[in-house]
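Notes follow once the structure below has been shown.
Chain identifiers are assigned alphabetically (A, B, ...) following the order of the sequence lines, protein sequences preceding nucleic acid strands; residue numbering begins at 1 within each chain. Source: prediction; values computed, not measured.
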Amino acid sequence: MDFKSIEQKWQDAWAKEKIFEVKDDFDKKKFYVLSMFPYPSGSGLHLGHALNFVIGDVFARFKIMNGFNVLHPMGFDALGLPAENAAIKAGEHPQDYTNTSIKHYTKQLNSLGLSYDWSRVVNTADPDYYKWDQWIFLKLFEKGLAYQKESAVNWCPECNTVLANEQVQNGFCWRHEETKVQIKHLKQWFFKTTFYADELYESIDELNWPNKTKAMQKNWIGKSHGIQINFEINGENWPIFTTRADTIFGVTFVVISAQHKRLFELVTSEQKKSVEEFLQKVNSVSEKEFESMEKEGVFTGAYAINPVNNEKIPVYAGNFVLADYGCGMVMAVPAHDQRDFEFAKKYSIEIKQVIKGEVTNERAFTEKGELINSNQFNGLIADEAIKSILEYLKKEGKGEQVINFKLRDWSISRQRYWGTPIPIIYCEKCGVVPVPEKDLPIILPKDVTFGEGNPLKTNEDWINVNCPKCNGKAKRETDTMDTFVNSSWYYLRYTDPKNSEKIFDEKKADYWCPIDQYIGGYEHACMHLIYIRFYTKFLADLGLINFREPAKKLFHQGMLNGEGGIKMSKSKNNVILPETVSEKYGIDTARLFLQSIAAPDKPRDWSEKGIQGSLKFVNRIFDYFGKDFIGVDSKQTLSKLNKTIKEVTNEIEDFEYNIAIIKLRQLFEHIEKNKVSKDTAEKFLKIMNLFCPHITEELWEKIGNKKFISNSSWPTFDESLIDEQLDKIESIIDLVRQDILKIKELAGLEKISSVKIIVAPKWKWDALNIVKDVCKEKPDFSLAMKTLMGKEEFKKYGGEIQGFLKVVINKYSDLLLVKELDELDLMLQVKSQLEEEFGLIEIETAKESVELKAKNAFPTKPALIVK
RNA sequence: GCACGGGUUGGGGAGCGGUCAAACCCGCAGGGUUUAGGACCCUGUCGCUUAGUGCGUUCAACGGUUCAAAUCCGUUCCCGUGCACCA
């Protein structure tokens, strides 16, 4: 089969007729299907990516056929660090490198038969696109949601640059395996994602997203209710955050983070040296090692006053307290917190139990319970105790209820070239000045030198500008934005991709958005999928859009592994390219196979043998339509067809593609066997079209249709035609047919012209009774056989059932079958259909009354007689 | 450690209270067809047994709920994914 030319033919035809281009037809019911856009790398798409896009494509095609105005766009997340590095490695300019990659990707995507509207393609490396990244930045800056602060970053002394977290491998630089990454404090740009922390957390519940993703985001944002308590140190109030105020009488020390900004305000002169030594030790440890590090600390020399009992307790600086969570300082209750417990053991600090429970030599008791050793609060339990203690602290002006989040502000500064330039100018006089909107976009200069440090710093012409405010000497910000900035709002640009006046037309965005079905990988759960929500909320607050969540429904595709479940990677040399597969089997076969091995959200393994099964199926379909295929629909056919349509429709909607394919196979098997009407065959093709768009177009045309199947209407089903009973009849026919064929084979018959079916109450006993009837009441089976067969024949065959059957068949008809009585109705219904195949069918009913007699006559099981 | 998801008959993978010895694909076995191989078609594939059927033992392990459990609940063991010193 020449799949290749069929594929090319239809891809060209779709493009020529622009059948997947959509209009902004505001009266039509819309549907927005979006697959996360790819990051175009030099190596191109592999089959795993293809799988993802096909999942979206099946869904989009389904919605198109269901009459929706479907927006199904594609674009390229072209800016970013990996592209820059790959380009440098290849000795190319990132711009050229990216353009080549995009061309390659476009070609590959097209070869998959995807229903994209290419007129809306978006490329984030295009100044027309990133202009609006900069515009949003200015808006954020204006609202105080983009700001600069000093922050800890990964620094490689060899590269002389900041590294992204992904470029730190076990604490070492990815390019210098011998070089430990340092933590440096640099001034960086941040987006204030925490501004929306509460909404980001609370509105997750409303989303129709996978539970896992929702849980991951909740976990990441980490909302916790607690109490901020003031501990007095040197006459000043120092707040700490705790969720366990009920343990406050058990506090035996306080720990301040080693990174706390005001740490040295607490350190006494005697302790200064040891604290400094400790800090040096802490700072030399990379982030990775930090995680597995033992809890350590050093006494600061200061003492804090516990507000509930005025006890004087030591203040330590510790490596296990985070500077930017809570207050950067904790009250330590070694009896009821494992970390505090370990710390106290190490430095021999008192462990004071205040909750009823078992504190051992190894472990703290961390559950909630009844308070002891807590003065007036003794006897109170858990949350009740927390509440009372809060009331007390409030009254004393020593505490208040607060909510804390784990979520941090988003660090967007990258000291790299291939990203959106940050539209900020540093003036010697005016300081930090935002670039005026009219001067956007700030275009990345092509003329830079790649080497040490930020390449943008090598283009003096670009850096040196006049201040927009005072026209004096000024310099551009050379940091660029994190690549995730670009992908945080691209879905909106698709609705109006060519707008040069505005970021997008509000009416268009309002019509198309939010995304009805978003599709992409699990790995974005806590990155992209949080940022895109943040952006949406911000743009909503700007009044540009009137919804606050970007995507109603989200779906994560499963990973595609290589043969034998091994992860696909270049180093393992097991990367499957769509081109290779396409060449061998045709892309439709690959699409079908990938969707049939497992549910779309489950991981699956590539299998060269497995795809053979799909190829076989595709070929069978071709063969079927190659012959004279038109027949008449039986009632069974209509029932089966309608049932299949009904089920498959639901299964596609629920992303159960694998199940839908099985139903399709079963429908086709029926079609193949029974010959059906053209209408039925066409409906089958329409469903198939989702998975195999090219082949079905070809066959659609072949059977005389002029228009495309791809935008034909989805088959409807008629519930009244679905009849489970008819399904049963079909399986009975199958069974009887099999029985007949088997007996024919056993009896060694060449052909059959008549079959006798005896329907009896219960098969075994009554089969014998029938024989008995035939034999004129002989009370013994072998006797019956003898009589029936005649002495000579009995001698010849002995007691063998096969021989017996043969004789009986010869005497009374070609073939004898015995069926249970409760199948009588079915047998009668089935009669005419079987006659078409096997000639005369005679159905005879045996009498129920003989049952008892038979049992008496043959007390042993017939199985004994057979051998 | 916390969170989420899993453990099904040779492999993959459905099923998620009765219609279940459990769809479908691959593999394997037997038969048909074919010049042979391949391809194709049919049949079988937990055990014993029948032409069909019947009986027995199964859905990680152990308990429980129910007239009824692969399916619901509890405990344990194992696997995957994510977060991880968040006070």
Side-chain angles (χ1 to χ4, degrees), chain A residues 210-224 226-227 240-245 247 254-255 257 290-295 318-322 324-333 336-340 342-343 366 404-408 522-523 525-526 556 559 564-565 593 596-599 601-605 607-617 619-620 623 656 658-659 661-666 669 672 724 728 735-747 762-764 767 801-802 804-805 809 815-820 823 861-863 866-867:
Chain A
N211 285 336
K212 188 183 177 179
T213 311
K214 293 208 261 186
M216 276 168 75
Q217 286 211 357
K218 278 202 161 186
N219 192 296
W220 183 265
I221 298 167
K223 185 177 180 176
S224 62
I227 299 175
I240 63 96
F241 175 76
T242 181
T243 54
R244 291 296 304 275
T247 62
V254 165
V255 188
S257 167
F290 200 70
E291 283 165 16
S292 54
M293 209 164 68
E294 209 185 312
K295 284 144 203 54
N319 63 356
F320 67 99
V321 177
L322 302 172
D324 49 2
Y325 180 76
C327 303
M329 198 164 166
V330 298
M331 63 178 216
V333 186
H336 305 293
D337 181 287
Q338 193 57 29
R339 290 157 306 189
D340 299 346
E342 283 165 31
F343 194 90
T366 55
N404 249 303
F405 293 95
K406 282 200 241 176
L407 185 78
R408 313 293 157 75
Y522 286 105
E523 66 275 16
C526 291
H556 296 302
M559 267 261 284
F593 172 64
S596 62
I597 1 179
D601 58 336
K602 298 271 163 51
R604 80 256 350 259
D605 302 341
S607 157
E608 203 67 37
K609 271 190 173 159
I611 195 173
Q612 306 285 353
S614 298
L615 181 64
K616 223 188 276 182
F617 182 54
N619 281 330
R620 263 166 64 189
D623 286 350
E656 293 176 314
N658 53 331
I659 312 290
I661 290 170
I662 288 167
K663 301 276 169 65
L664 268 183
R665 290 185 96 117
Q666 288 168 343
E669 231 154 76
E672 228 181 1
E724 303 288 339
K728 206 168 170 190
L735 280 175
V736 174
R737 180 192 288 124
Q738 278 171 29
D739 286 354
I740 292 173
L741 292 175
K742 189 96 182 218
I743 296 183
K744 181 186 156 202
E745 192 188 319
L746 276 174
K762 274 269 189 254
W763 92 266
K764 230 159 209 174
I801 194 91
Q802 278 93 336
F804 167 67
L805 279 167
I809 288 161
L815 222 151
L816 178 93
L817 270 181
V818 183
K819 288 284 161 191
E820 287 189 26
E823 289 178 350
K861 287 213 167 189
V866 173
K867 285 226 162 164

Legend entry - Among B/A87, B/A14, B/C24, the nucleotide that comes nearest once only the side chain of A/Gln666 is considered: B/C24
Legend entry - Nearest-angstrom distance, C1' atom, B/G38 to B/U49: 37 Å
Inset, instruction - Using a heavy-atom cut-off of under 4.0 Å over every strand shown, decide if A/Arg604 touches base, sugar-phosphate, or nothing. - result: nothing
Inset, instruction - Compare all side-chain heavy atoms of A/Thr213 with those of A/His556 and state whether any distance is below 4.5 angstrom. - result: yes
Legend entry - Between B/C25 and B/G32 - P atom distance, rounded Å: 23 Å
Legend entry - Whichever of A/Leu407 and A/Thr213 has its nearest RNA chain B nucleotide further upstream toward 5': A/Thr213
Legend entry - B/C42 versus B/G5 - spacing of their C1' atoms, nearest Å: 41 Å
Inset, instruction - Look at all strands and tell whether A/Gly613 reaches a base, only sugar-phosphate, or nothing, counting heavy atoms closer than 4.0 Å. - result: sugar-phosphate
Inset, instruction - Searching all strands shown, indicate the nucleotide that pairs with B/U81 (Watson-Crick or G-U wobble; both distances under 3.5 Å). - result: B/A3
Inset, instruction - Take the protein atom CD of A/Glu608 and the nucleotide atom P of B/G12, then report the distance between them rounded to whole Å. - result: 19 Å
Legend entry - Closest nucleotide among B/C4, B/A14, B/A87 to the A/Lys212 side chain: B/C4
Inset, instruction - For B/A61 and B/U50, measure between their P atoms and round to the nearest Å. - result: 31 Å
Legend entry - Under-3.5 Å donor-acceptor pair between A/Lys609 side chain and B/C26 base: no
Inset, instruction - With rounding to the nearest 0.5 Å, note down the distance linking CG in A/Asn219 to NZ in A/Lys406. - result: 4.5 Å
Inset, instruction - Figure out the CG/P separation between A/Asp601 and B/C4, and round it to whole Å. - result: 18 Å
Inset, instruction - Could you please name the option among B/C25, B/G13, B/C41 that lies closest to any side-chain atom of A/Ala598? - result: B/G13
Legend entry - P-based separation of B/C28 from B/A39 [nearest Å]: 10 Å
Legend entry - Gap in Å between the two C1' atoms, one belonging to B/G1 and one to B/G56, rounded: 46 Å
Legend entry - Between C1' of B/A87 and CE of A/Met329, the distance in whole Å: 13 Å
Legend entry - Pairing partner (Watson-Crick or G-U wobble, both distances under 3.5 angstrom) of B/U33: none
Inset, instruction - Report which part of the nucleic acid A/Lys663 touches: base, sugar-phosphate, or nothing (heavy-atom distance under 4.0 Å, all strands). - result: nothing
Inset, instruction - Assign the ring pair A/Tyr325 / A/Phe241 to parallel, tilted or perpendicular, where the plane angle (0 to 90°) is split at 30° and 60°. - result: perpendicular
Inset, instruction - Look at all strands and tell whether A/Ser596 reaches a base, only sugar-phosphate, or nothing, counting heavy atoms closer than 4.0 Å. - result: nothing
Legend entry - Nucleotide forming a Watson-Crick or wobble pair with B/G38, both distances under 3.5 Å: none
Legend entry - RNA chain B: 5'-proximal contact among A/Glu669 and A/Pro603 (nearest heavy atom): A/Pro603
Legend entry - Between P of B/C2 and CD of A/Gln217, the distance in whole Å: 23 Å
Inset, instruction - Please report, rounded to the nearest Å, how far the P atom of B/C83 is from the CD atom of A/Glu523. - result: 11 Å
Inset, instruction - May I ask you to evaluate whether A/Lys602 reaches the phosphate of B/A14, defined as a side-chain N or O under 4.0 Å from OP1 or OP2? - result: yes
Legend entry - Sidechain-backbone polar pair: A/Thr243 side chain, A/Gly226 backbone, donor-acceptor under 3.5 Å: no
Inset, instruction - Please tell me if the side chains of A/Tyr522 and A/Pro210 come closer than 4.5 Å, counting only heavy atoms from C-beta onward. - result: no
Inset, instruction - Among the candidates B/A3, B/A84, B/A14, find the nucleotide nearest to the side-chain atoms of A/Ala215. - result: B/A3
Legend entry - Residue A/Glu656, side-chain heavy atoms: nucleotide from B/G15, B/G12, B/C85 that is nearest: B/G15
Legend entry - Atom-to-atom span, NZ of A/Lys218 to C1' of B/C2 - whole angstrom: 15 Å
Legend entry - Nearest-nucleotide pick for A/Ser224, side chain only, options being B/C24, B/A87, B/G15: B/A87
Inset, instruction - Would you indicate which nucleotide in B/G82, B/A87, B/C24 comes nearest to any side-chain atom of A/Met216? - result: B/G82
Inset, instruction - Could you please name the partner base of B/C62, counting Watson-Crick and G-U wobble pairs only when both distances are under 3.5 Å? - result: B/G74
Inset, instruction - For B/A87, take OP1 and OP2 only and decide whether either is under 4.0 Å from a side-chain N or O of A/Tyr325. - result: yes
Legend entry - For atom CG of A/Leu615 and atom P of B/C25, their distance in whole Å: 15 Å
Inset, instruction - Scan A/Lys616 against the nucleic acid and name what it touches under 4.0 Å (heavy atoms): base, sugar-phosphate only, or nothing. - result: sugar-phosphate
Inset, instruction - Could you tell me whether A/Arg408 and A/Asp324 have a side-chain N and a carboxylate O separated by less than 4.0 Å? - result: yes
Inset, instruction - For B/U8 versus B/U57, give the span between their P atoms, rounded off to a whole number of Å. - result: 22 Å
Legend entry - Nearest-Å distance for atom pair CD1/C1', residues A/Ile659 and B/A23: 8 Å
Inset, instruction - Check for a donor-acceptor pair, side chain of A/Lys295 on one end and backbone N or O of A/Asp340 on the other, with a separation under 3.5 Å. - result: no
Legend entry - Separation of the P atoms in B/C83 and B/C16, to the nearest angstrom: 33 Å
Inset, instruction - Verify, without hydrogens or angle tests, whether A/Gln217 (side chain) and A/Ala525 (backbone) share a donor-acceptor contact under 3.5 angstrom. - result: yes
Legend entry - Closest to the A/Trp220 side chain, choosing from B/G12, B/C24, B/A84: B/A84
Inset, instruction - State whether the side chain of A/Arg665 and the backbone N or O of A/Phe617 hold a donor-acceptor pair below 3.5 Å, judged by distance alone. - result: no
Inset, instruction - Return the nucleotide paired to B/A22: Watson-Crick means purine N1 to pyrimidine N3 with N6-O4 or O6-N4, wobble means G-U with N1-O2 and O6-N3, both under 3.5 Å. - result: none
Inset, instruction - Could you please name the option among B/A87, B/A84, B/A14 that lies closest to any side-chain atom of A/Asn658? - result: B/A14
Inset, instruction - Quick one: look up who B/U50 pairs with, Watson-Crick or G-U, both distances under 3.5 Å, and put none if it's unpaired. - result: none
